[in-house]
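Here the structure is laid out as structure tokens; the discussion comes afterwards.
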Amino acid sequence: MTDKPAAFDGRIAPLAARMRPTNLDEWVGQEHIIGKNTLLSRAIKADKITSLIFYGPPGTGKTSLAKIIAGATESIFTQINATKAGIKDIHSAIEEAKTGMSFYSKQTILFVDEIHRFNKSQQDALLPHVEDGTVILIGATTENPYFEVNNALTSRSMVFELRQLSIENITTLLNRAIADKDRGLGYLQIEADPSALDFLADMAGGDARAALNALELAAQTTAPEPVTNIIKLTPEVVAECIQKKTILYDKNGDKHYDTISAFIKSMRGSDPDAALYYLARMLQAGEDPKFIARRIIISASEDVGNADPHALQVAVAAAEAVKFIGLPEGRIALAQAVTYIACAPKSNAAYLAIGEALNDAASITIKTIPPYLQDSSYKGAKKLGRGLGYKYPHDHPGHYVTQQYLPDELKHRTYYRPTENGVEKKIGDALKKLRPDREY
């Protein structure tokens with residue numbers, strides 16, 4: 001076997017850190033922001049960088065891109081991590097930036113990793129120095145900066161979203177790492193099955209760091225062939241090194257909201273396959289099944305309603321089942337409810353109806369509820385005219401009698417307009433016969 005370079009003394013950085021691109025020629029992916037003739041690439045080449053915020057999932061190159069920008073613009077690069085740094089560290093970085101400008105006439109790029117972790121006072125401490133140009137801020141965050149970062153900072157920065165790397169992008173990086181003798185695994189004789197690298201790239205879920213570190217683990221833990229010293233990496237070998245597919249999901253972040261939004265819209269759109277996928281994605285990521293069950297119940301009423309009244313019963317039963325039996329078996333009850341709601345006829349008539357009624361309740365003042373509808377059960381009620389003149393429907397043919405129930409100010413309102421879907425068509429037909437004066 002080829003000897004390891006001297007640098008390999010047990011203290012070397014992980015493969016993902018060693019293989020960071022050092023210039024734009026080594027960069028892979030994110031063509032939408034750093035491709036040819038994009039705004040950011042032009043700004044880097046022209047040395048006209050302003051403060052930036054890079055937003056995206058782990059392993060997509062936020063830190064690497066910040067370092068490349070510093071190198072390309074010949075700026076001083078100072079890095080702090082918002083999970084550990086305080087206002088004292090910010091002030092120290094600012095003083096160093098002033099020294100760099102005074103003695104070396106060099107601009108400082110202050111890279112703040114996980115900038116969303118800074119509290120308001122820490123973010124406010126940065127603001128004046130960003131405004132006066134003492135530092136060029138590059139913030140990195142996995143959270144949506146429009147939710148988590150001070151508005152004053154986002155308004156003074158250009159926000160770029162880095163996306164998950166494609167399987168092709170990650171495969172390119174894996175092959176590069178295998179071949180690189182200086183920074184990668186080229187000191188080893190690795191023979192990687194292309195299908196193994198494709199599998200590794202797929203399972204990494206767009207995270208280059210996870211893929212590269214899994215590759216390194218596979219290479220270091222696989223015994224070489226006795227005669228050839230070749231390390232053969234097969235799909236079975238790499239599968240052990242990245243046992244669970246990376247799910248980009250944060251229960252407090254926008255990936256959470258994006259996934260639940262897609263889940264609900266898939267049920268509403270009558271696509272049981274998509275709804276099941278998003279259900280599985282949430283379960284795989286460790287989402288609280290009770291939260292999922294609550295969203296299913298809401299969809300049963302909001303999107304199915306009386307087009308299939310059983311949908312709400314199924315949803316509530318699934319929620320109770322999850323509380324009773326828990327996971328993993330509870331996933332079956334959730335799947336049953338999800339597929340039922342996705343396949344059920346749809347109506348949002350009840351949802352619209354309560355919205356209109358709430359609006360009227362909040363904005364229109366009524367003098368009184370019709371007296372004949374008021375409570376007449378207490379002593380003296382009849383002397384006050386309460387309940388007098390009320391027509392008891394069960395005393396009339398068909399258990400129905402024409403009578404005004406809405407207050408006078410709203411007597412011509414129609415809130416509930418049944419659709420032509422499912423059971424609701426029968427409901428609508430019945431209402432039209434009972435109340436021919438109403439428009440539905």
Q) Does the distance from a Lys or Arg side-chain N to an Asp or Glu carboxylate O, for R295 and E302, drop under 4.0 Å? A) no
(Q) Using 0.5 Å steps for rounding, measure from the CD atom of E26 to the CG atom of N23. (A) 4.5 Å
(Q) Looking at every non-hydrogen atom in both residues, tell me the closest pair between T50 and I136 and how far apart they are. (A) O-CG2, 3.6 Å
Q) With a cut-off of 6.0 Å (strictly less than), are more than 12 heavy atoms of other residues, nucleotides or ligands near CD of Q122? A) yes
Q | Heavy atoms of other groups near I369 CD1, more than 12 under 6.0 Å | A | no
Q: Answer yes or no: does atom CZ of R268 have more than 12 heavy-atom neighbours from other residues, nucleotides or ligands under 6.0 Å?
A: yes
Q: Could you check L40 against L65 for side chain to side chain contact (heavy atoms under 4.5 Å, CB included), going step by step and ending with a plain yes or no?
A: CA-CA 11 Å; L40 185 56; L65 186 53; 4.1 Å; yes
Q: Ignoring hydrogens and angles, state whether a donor on the side chain of Y146 or N151 is under 3.5 Å from an acceptor on the partner side chain.
A: no
(Q) Within a 6.0 Å radius of atom OH on Y405, are there more than 12 heavy atoms belonging to other residues, nucleotides or ligands? (A) yes
Q) How about L233 and E191: do any of their side-chain heavy atoms sit closer than 4.5 Å? A) no
Q: With the side chain counted from C-beta on, respond yes when M101 and T108 share a heavy-atom pair under 4.5 Å apart, and no when they do not.
A: no
Q | Side-chain donor-acceptor contact under 3.5 Å, Q107 with S75 | A | no
**Q.** Smallest separation among heavy atoms of E114 and A82, with atom names
**A.** O-CB, 3.0 Å
Q. Between N306 and P309, is there a donor-acceptor pair closer than 3.5 Å when you use the side chain of the first and the backbone of the second?
A. no
Q: Before giving the answer on side chain to side chain contact (heavy atoms under 4.5 Å, CB included), spell out for R117 and N81 the whole-Å C-alpha distance, their side-chain angles and the decisive distance to 0.1 Å.
A: CA-CA 9 Å; R117 300 285 189 180; N81 190 303; 5.9 Å; no
Q) How about Y416 and E356: does a side-chain donor come under 3.5 Å of a side-chain acceptor? A) no
Q: Using atom types as modelled and distance alone, determine if a side-chain donor or acceptor of T60 lies under 3.5 Å from a backbone N or O of G56.
A: no
**Q.** Smallest separation among heavy atoms of P14 and N213, with atom names
**A.** CB-OD1, 3.7 Å
**Q.** Side chain to side chain, S121 and I87, heavy atoms closer than 4.5 Å
**A.** yes
Q) Which heavy-atom pair separates I170 from A204 by the least distance, and what is that distance? A) CD1-CB, 4.3 Å
Q. Which atom names give the shortest non-hydrogen contact between P407 and I366, and what distance separates them?
A. CG-CD1, 3.6 Å
(Q) Could you check whether any side-chain heavy atom of V135 comes within less than 4.5 Å of a side-chain heavy atom of I94, counting everything from C-beta outward? (A) yes
Q. Hey, mind stepping through T419 and K425 against side chain to side chain contact (heavy atoms under 4.5 Å, CB included) and telling me if it holds?
A. CA-CA 6 Å; T419 68; K425 185 180 188 312; over 6 Å; no
Q) With no hydrogens and no angle check, is any side-chain donor or acceptor of N175 less than 3.5 Å from a backbone partner on T171? A) yes
Q.
Hydrogens and angles aside, do R20 and S64 bring a side-chain donor and acceptor to less than 3.5 Å of each other?
A. yes
Q.
So, taking the atom named CD1 in I231 and the one named OG1 in T221, what distance separates them when rounded to the nearest 0.5 Å?
A. 9.0 Å
Q | Interatomic spacing from CZ in R163 to NE2 in H32 - rounded to 0.5 Å | A | 4.0 Å
Q | Reported CG-to-CD1 distance for the pair L24 and I69, which is rounded to 0.5 angstrom | A | 8.0 Å
Q: Spell out, as yes or no, whether a donor-acceptor pair under 3.5 Å connects the side chain of S347 to the backbone of A349.
A: yes
**Q.** Option passing side chain to side chain contact (heavy atoms under 4.5 Å, CB included) with L137 (candidates L52, L127, I115)
**A.** I115
Q) Do side-chain atoms of R331 reach the backbone of L327 as a donor and acceptor pair under 3.5 angstrom? A) no
**Q.** Flag, side chain of S92 to backbone of K88, donor-acceptor distance under 3.5 Å
**A.** no
Q) Is E216 salt-bridged to R18, going by a charged N under 4.0 Å from an acidic O? A) yes
Q: Output, in order, the C-alpha distance, side-chain angles, deciding distance and verdict of side chain to side chain donor-acceptor pair (under 3.5 Å) for D360 and Y415.
A: CA-CA 10 Å; D360 280 355; Y415 298 118; 2.6 Å; yes
(Q) Y187 vs D182, test: side chain to side chain donor-acceptor pair (under 3.5 Å). Steps then yes/no. (A) CA-CA 8 Å; Y187 67 93; D182 296 322; over 6 Å; no
Q) Does a donor on one side chain sit under 3.5 Å from an acceptor on the other, for S166 and N169? A) yes
**Q.** Donor-acceptor contact present, side-chain T134 to main-chain V130, <3.5 Å
**A.** no
(Q) Ignoring hydrogens and geometry beyond distance, is a side-chain donor-acceptor pair present between Y351 and D303 at under 3.5 Å? (A) no
Q | K265-S261 side chain donor-acceptor pair, cut-off 3.5 Å | A | yes
Q. Is the side chain of S155 donor-acceptor paired with the backbone N or O of A152 at a distance under 3.5 Å, no angle test?
A. yes
(Q) Test side chain to side chain contact (heavy atoms under 4.5 Å, CB included) on T142 and K62; report intermediate values, then the result. (A) CA-CA 10 Å; T142 55; K62 298 184 290 293; 4.3 Å; yes
(Q) Rounded at 0.5 Å granularity, tell me how far CD1 in I138 sits from OG1 in T78. (A) 11.5 Å
Q) Are a donor atom and an acceptor atom from the side chains of S41 and T38 found within less than 3.5 Å of each other? A) yes
Q | E236 side chain to T234 side chain, donor-acceptor N/O pair below 3.5 angstrom | A | yes
**Q.** 4.5 Å side-chain heavy-atom contact, T154 and I53
**A.** yes
(Q) With heavy-atom distances below 4.5 Å as the criterion, would you say the side chains of E143 and Y55 are in contact? (A) no
Q) Do I292 and V338 come close enough that some side-chain heavy atom pair is under 4.5 Å? A) no
Q) For the residue pair L200 and A211, what are the closest heavy atoms and their distance? A) CD2-O, 3.7 Å
Q: Mark yes when over 12 heavy atoms from residues, nucleotides or ligands other than R417 sit less than 6.0 Å from its CZ; otherwise mark no.
A: yes
Q.
To the nearest 0.5 Å, what is the distance between CD1 on I264 and CD1 on I296?
A. 9.5 Å
Q: Return the orientation label for the F54 and F160 ring planes: parallel under 30°, perpendicular over 60°, tilted otherwise.
A: tilted
Q) Are I178 and L197 close enough that some pair of their side-chain heavy atoms sits under 4.5 Å apart? A) yes
Q) Charged N to carboxylate O below 4.0 Å: is that the case for K106 and E74? A) no
Q) Sequence neighbours excluded, which residues qualify as side-chain hydrogen bond (donor to acceptor under 3.5 Å, both in side chains) partners of K346? A) S270
